[in-house]
Amino acid sequence: MSKTRNLVLGLTGLFLLTTACATTTGAPAGADDRALPKVVLLGDSVAAGEALPLAAAFEASGVEFQSLASDGGGNVVGPFADEQWKELHGKLRSAEPGVVVYQITSYDWGSPQEQQAAYEKLLTTVTGIGAELLFVTMPPIEPDDFYEPHVADLDRAPEAARAVAAGSAGRARVLDAGEVWGSTYQQIKDGKPDRSDDGIHTCPQGAARFSNWLLGELAEQYPGFTPAAPQTWANTGWAADTRFKGC
């Protein structure tokens, strides 16, 4: 039995604790019986790693899921954003989501005005195909020389997202993942690797904890959706993926 598989087998007790502590952000008006429609995930390589347990968790929960997260980009503002926008509308239309989750990326650099304009454009794009938009805050990072000049940009990105959500007439919301990650980068949690030693990405434990939290938040937003028990998806093989490095 691999070290990674041992780690995942040990997640169940942690899930049982964290599930009871999930925060609620309030369901939209009229959402009492709404089931969760297809979910599409947008983001960078951090989100791409989280997509592995998310895919298993959504499948176990009977919900369609697709990841459009991409390595070295995936952002709608900052470097590489122009390339993203060339294909994003077509990809989203083809995916036919009911909910688009955009995890703010480590490349969402720019002024407050640039960030807000990009998030407004994303909202218009998502609602234009009949979907709802959920912004999710990114895990805190331990910045290296590449990221250090952009820490202030990343710190204020959630505020730009909240400003867009506040003016969206309920078409967008912001979920704060601070409950999962805390306010600072923490590589080890509960004695096991939670985040990669590169200071940016997640390890299987962290990605699984995030997945469990996100499904709990979506259950609050869509009361017709009941997440599958973590035991049904935590040990289905995804944790052995080579994407998880530095763990």
Side-chain angles (χ1 to χ4, degrees), residues 4-5 7-43 46-70 74 91-103 126-127 129-137 170-177 179-180 202 204-241 243-244:
T4 301
R5 186 162 181 249
L7 181 150
V8 178
L9 285 170
L11 289 174
T12 302
L14 173 65
F15 285 151
L16 293 175
L17 291 174
T18 57
T19 301
C21 299
T23 59
T24 176
T25 54
D32 290 349
D33 299 316
R34 289 202 306 173
L36 180 61
K38 181 178 180 179
V39 177
V40 165
L41 176 68
L42 300 178
V46 177
E50 294 164 344
L52 297 170
L54 279 172
F58 278 119
E59 182 179 7
S61 303
V63 174
E64 285 190 84
F65 171 76
Q66 183 175 350
S67 173
L68 294 178
S70 59
K91 287 182 176 179
L92 285 174
R93 183 170 292 278
S94 295
E96 299 183 334
V99 177
V100 174
V101 177
Y102 180 76
Q103 181 171 267
V126 169
T127 56
I129 61 170
E132 298 179 321
L133 177 61
L134 288 179
F135 293 99
V136 178
T137 59
R171 298 174 299 164
R173 297 181 294 281
V174 180
L175 300 181
D176 186 348
E179 180 180 340
V180 180
T202 69
Q205 175 177 273
R209 292 194 309 105
F210 173 80
S211 297
N212 190 59
W213 169 83
L214 181 59
L215 266 66
E217 291 292 316
L218 288 169
E220 293 286 348
Q221 302 291 338
Y222 297 87
F225 165 60
T226 301
Q231 298 94 318
T232 65
W233 55 263
N235 194 38
T236 54
W238 56 265
D241 195 278
R243 177 176 289 278
F244 293 113

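In this structure, the side chain of Arg173 does not engage the main chain of Leu133 through any donor-acceptor pair within 3.5 Å. At distances below 3.5 Å, not a single donor-acceptor pair connects side-chain atoms of Thr232 with backbone N or O atoms of Ala60. In this structure, the side chain of Ser94 does not engage the main chain of Lys91 through any donor-acceptor pair within 3.5 Å. Side chain of Thr202 to main chain of Gly206: no donor-acceptor pair is present (N/O by atom type, distance under 3.5 Å, no hydrogens or angles). Put simply, the side chain of Trp238 gets close to the backbone of Trp233: a donor and an acceptor are under 3.5 Å apart. Of the possible polar contacts, one joining the Ser67 side chain to the Ala69 backbone as a donor-acceptor pair under 3.5 Å is found.
Between Val101 and Val39 the shortest side-chain heavy-atom distance falls below 4.5 Å. Taking the side chain as every heavy atom from C-beta outward, Val63 and Lys38 never approach each other to under 4.5 Å. A heavy-atom distance below 4.5 Å is not found between the side chains of Pro227 and Leu218.
A pairwise comparison of heavy atoms in Gly49 and Pro53 identifies O-CD, 3.4 Å as the closest pair. The nearest pair of heavy atoms linking Ile129 to Arg93 is CG2-NH2, 3.7 Å. In this structure, Ala131 and Val99 approach most closely via the heavy-atom pair CB-N, 4.3 Å.
To the nearest 0.5 Å, atoms CG (Leu42) and CD (Gln66) are separated by 10.0 Å. Atom OG1 of Thr137 and atom CG of Leu175 lie 8.0 Å apart (nearest 0.5 Å). In this structure, the separation between CD on Gln103 and CZ on Phe210 is 4.5 Å, given to the nearest 0.5 Å. Note that the CG atom of Leu68 and the CG atom of Leu92 stand 6.0 Å from one another [nearest 0.5 Å]. Between the CD atom in Glu217 and the CG atom in Asn212 there is a gap of 10.5 Å [rounded to 0.5 Å].
Remark: Glu59 CD is loosely packed, at most 12 non-hydrogen atoms of other residues, nucleotides or ligands lying under 6.0 Å away.
Salt bridge present: Arg34 and Glu132 bring a charged side-chain N and a carboxylate O closer than 4.0 Å.
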Show your reasoning for whether side-chain contact (heavy atoms from CB on, under 4.5 Å) applies to Leu41 and Tyr102. CA-CA 6 Å; Leu41 176 68; Tyr102 180 76; over 6 Å; no
Is there a side-chain contact (heavy atoms from CB on, under 4.5 Å) between Ser61 and Leu215? Walk through the geometry before answering. CA-CA 9 Å; Ser61 303; Leu215 266 66; 3.7 Å; yes
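In this structure, Phe65 and Phe58 have parallel ring planes: the angle between them is below the 30° cut-off, well short of the 60° mark.
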